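Note that the structure is a prediction, hence the values are computed from the model and not measured. A note on names: the letters A, B, ... follow the listed sequences, proteins ahead of strands, and every chain is numbered from 1.
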Protein chains: 2
Amino acid sequence: MDSKTLCLAVLQRGEASGYEIKKKLDAPPYSHFQDTSFGSIYPALNRLAGEGAVEVRAEEQEKRPDKKVYSITELGRRRFREALQQPPGEDRLRSDFLFLLFHGDLLPKERVLALVDQRIAELDATVAALADCCPCSGKPLHDFLLELGVDHYRSSARFLRENRARLEQMLSGAPARAAE
Amino acid sequence: MDSKTLCLAVLQRGEASGYEIKKKLDAPPYSHFQDTSFGSIYPALNRLAGEGAVEVRAEEQEKRPDKKVYSITELGRRRFREALQQPPGEDRLRSDFLFLLFHGDLLPKERVLALVDQRIAELDATVAALADCCPCSGKPLHDFLLELGVDHYRSSARFLRENRARLEQMLSGAPARAAE
DNA sequence: CCCTCCATGTAAGAGGTTACATGATTAT
DNA sequence: ATAATCATGTAACCTCTTACATGGAGGG
């Protein structure tokens with residue numbers, strides 16, 4: 001999904017500033033299936049405003065720069081629904097971790113295992129964080145996606161834990177070529 | 001990982017043409033954690049050749065354009081190991097499917113469920129395909145990554161299967177606004 | 001007859017990332 | 001003190017995607 005559609009997705013649930021949109025996109029469940037940066041959101045909002053898909057209202061603030069609060073228009077809603085109508089593209093994962101793991105035979109065994117352990121710890125932390133904010137938001141789909149995320153991170157951690165010993169054996173079998 | 005590193009990764013396991021590199025990157029396990037296109041591979045190979053990280057040899061073929069067979073140089077190997085030394089970036093998933101699912105309340109219930117069923121079928125097919133090529137390649141890490149992939153796709157399918165009914169209830173609760 | 005596989009590349013354009021630019025407030 | 005949060009944006013850069021260009025072989 002491009003940045004414009006992402007902005008519409010957030011605005012369709014309520015008005016927000018660019019900064020707030022970014023915060024929401026950085027939080028679960030959005031963070032589970034896409035990425036964004038300010039450098040793409042601010043231009044996207046300007047383009048959307050130019051096209052009439054969103055409206056801007058400047059909110060004055062004391063001791064802070066004005067906040068530009070965006071709200072979606074009828075045109076914006078229509079655009080967003082049209083985007084949802086499109087057949088979804090394939091999932092794409094970009095994982096440096098798996099790439100490294102695949103080339104573990106070129107790395108010191110200790111580094112690979114440390115990477116795996118770190119990954120397991122991160123996955124556990126993510127699961128814990130999601131479980132915290134999970135209880136219930138009142139929004140069923142929101143919670144559903146959160147649960148899906150928990151399941152995914154938990155499964156990944158489980159696999160790594162259950163297969164760590166085997167991996168260690170593999171890495172011992174073909175002796176590690178130490179980094180130059 | 002950028003296209004250059006990806007090319008080095010493949011070439012480090014043996015010489016290949018640009019076309020063959022793309023084929024390998026499109027197959028598991030590479031396909032599980034990255035994407036590429038000819039438009040990025042061919043320029044990447046040219047740049048690598050310019051930098052001396054790979055060497056080219058033109059292989060004449062009858063009734064086909066010449067094949068440019070690339071092989072990695074010592075410099076290339078060093079570059080690749082250096083790339084592996086870098087701390088890995090975070091995983092990033094881009095999933096239109098999950099995006100749609102999250103906004104299922106704006107879609108006809110039937111469409112969402114159809115999407116889910118289709119996804120389950122795709123996941124099953126992927127698992128079956130991986131299981132086929134899985135038995136053993138002789139390369140332990142290769143098989144390990146394949147197993148990791150199988151586990152992931154299988155877990156995802158299981159979650160969707162186990163929660164499909166609940167999802168259906170959710171979508172019935174808040175009546176679907178049909179697409180305009 | 002049409003599609004897919006083989007085989008290489010370019011060019012234009014879209015899109016996004018990163019760094020820069022600014023600056024007060026609040027929490028540690 | 002120092003870091004993080006709030007708050008917006010631009011500009012350069014980089015990278016990739018998409019479409020175009022070419023064309024024979026072989027299977028359905």
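- Separating the CD atom of E20(A) from the P atom of dC6(D) is a distance of 9 Å, rounded to the nearest angstrom.
- The side chain of K68(B) lies closest to dG9(C), out of dT8(D), dA7(C), dG9(C).
- Here dT10(D) presents its P atom at 11 Å from OH of Y42(A), a figure rounded to the nearest Å.
- Between F80(A) and F99(B), the ring-plane angle classifies as perpendicular under the 30° and 60° cut-offs.
- Between I21(A) atom CD1 and dC6(D) atom P there is a gap of 15 Å when expressed in whole angstrom units.
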Next item on the list: Using a 4.0 Å heavy-atom cut-off, write out nucleotides 12-18 of chain C from 5' to 3' as B (base contacted by protein), S (sugar-phosphate only) or - (no contact).
Entry: ----SBB
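- K22(B) places its NZ atom 13 Å from the C1' atom of dT18(D), with the value rounded to the nearest Å.
- If you check the side chains of T36(A) and K22(A), you find no donor sitting under 3.5 Å from an acceptor.
- Straight-line distance from the OH atom of Y70(A) to the P atom of dT8(D): 8 Å, rounded to whole Å.
- Contact check on D117(A) versus R164(A) returns a salt bridge, with a Lys/Arg side-chain nitrogen under 4.0 Å from an Asp/Glu carboxylate oxygen.
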Could you pull out all donor-acceptor pairs under 3.5 Å where a side-chain atom in residues 45-53 of chain A meets a protein atom, sequence neighbours excluded?
from: N46(A); atom 1: ND2; to: Y42(A); atom 2: O; distance (Å): 3.4
from: E51(A); atom 1: OE2; to: K4(A); atom 2: NZ; distance (Å): 2.9

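- In this structure, NZ of K24(A) is placed 17 Å from C1' of dT5(D), rounded to the nearest angstrom.
- One finds no side-chain N or O of Y19(B) lying less than 4.0 angstrom from the OP1 or OP2 phosphate oxygen of dT8(C).
- If you measure from atom CD1 of I41(B) to atom C1' of dT17(D), you get 13 Å, rounded to the nearest angstrom.
- Geometrically, R13(B) engages F102(A) in a cation-pi contact defined by less than 6.0 Å to the ring centre and at most 45° from the axis.
- More than 12 non-hydrogen atoms from other residues, nucleotides or ligands lie less than 6.0 angstrom from CZ of R158(A).
- The NZ atom of K67(A) sits 8 Å away from the P atom of dT8(D) (whole-angstrom rounding).
- Side-chain N/O atoms of Q86(B) and E82(B) include no donor and acceptor closer than 3.5 Å.
- The phosphate of dC6(D) has OP1 or OP2 within less than 4.0 Å of a side-chain N or O from K23(A).
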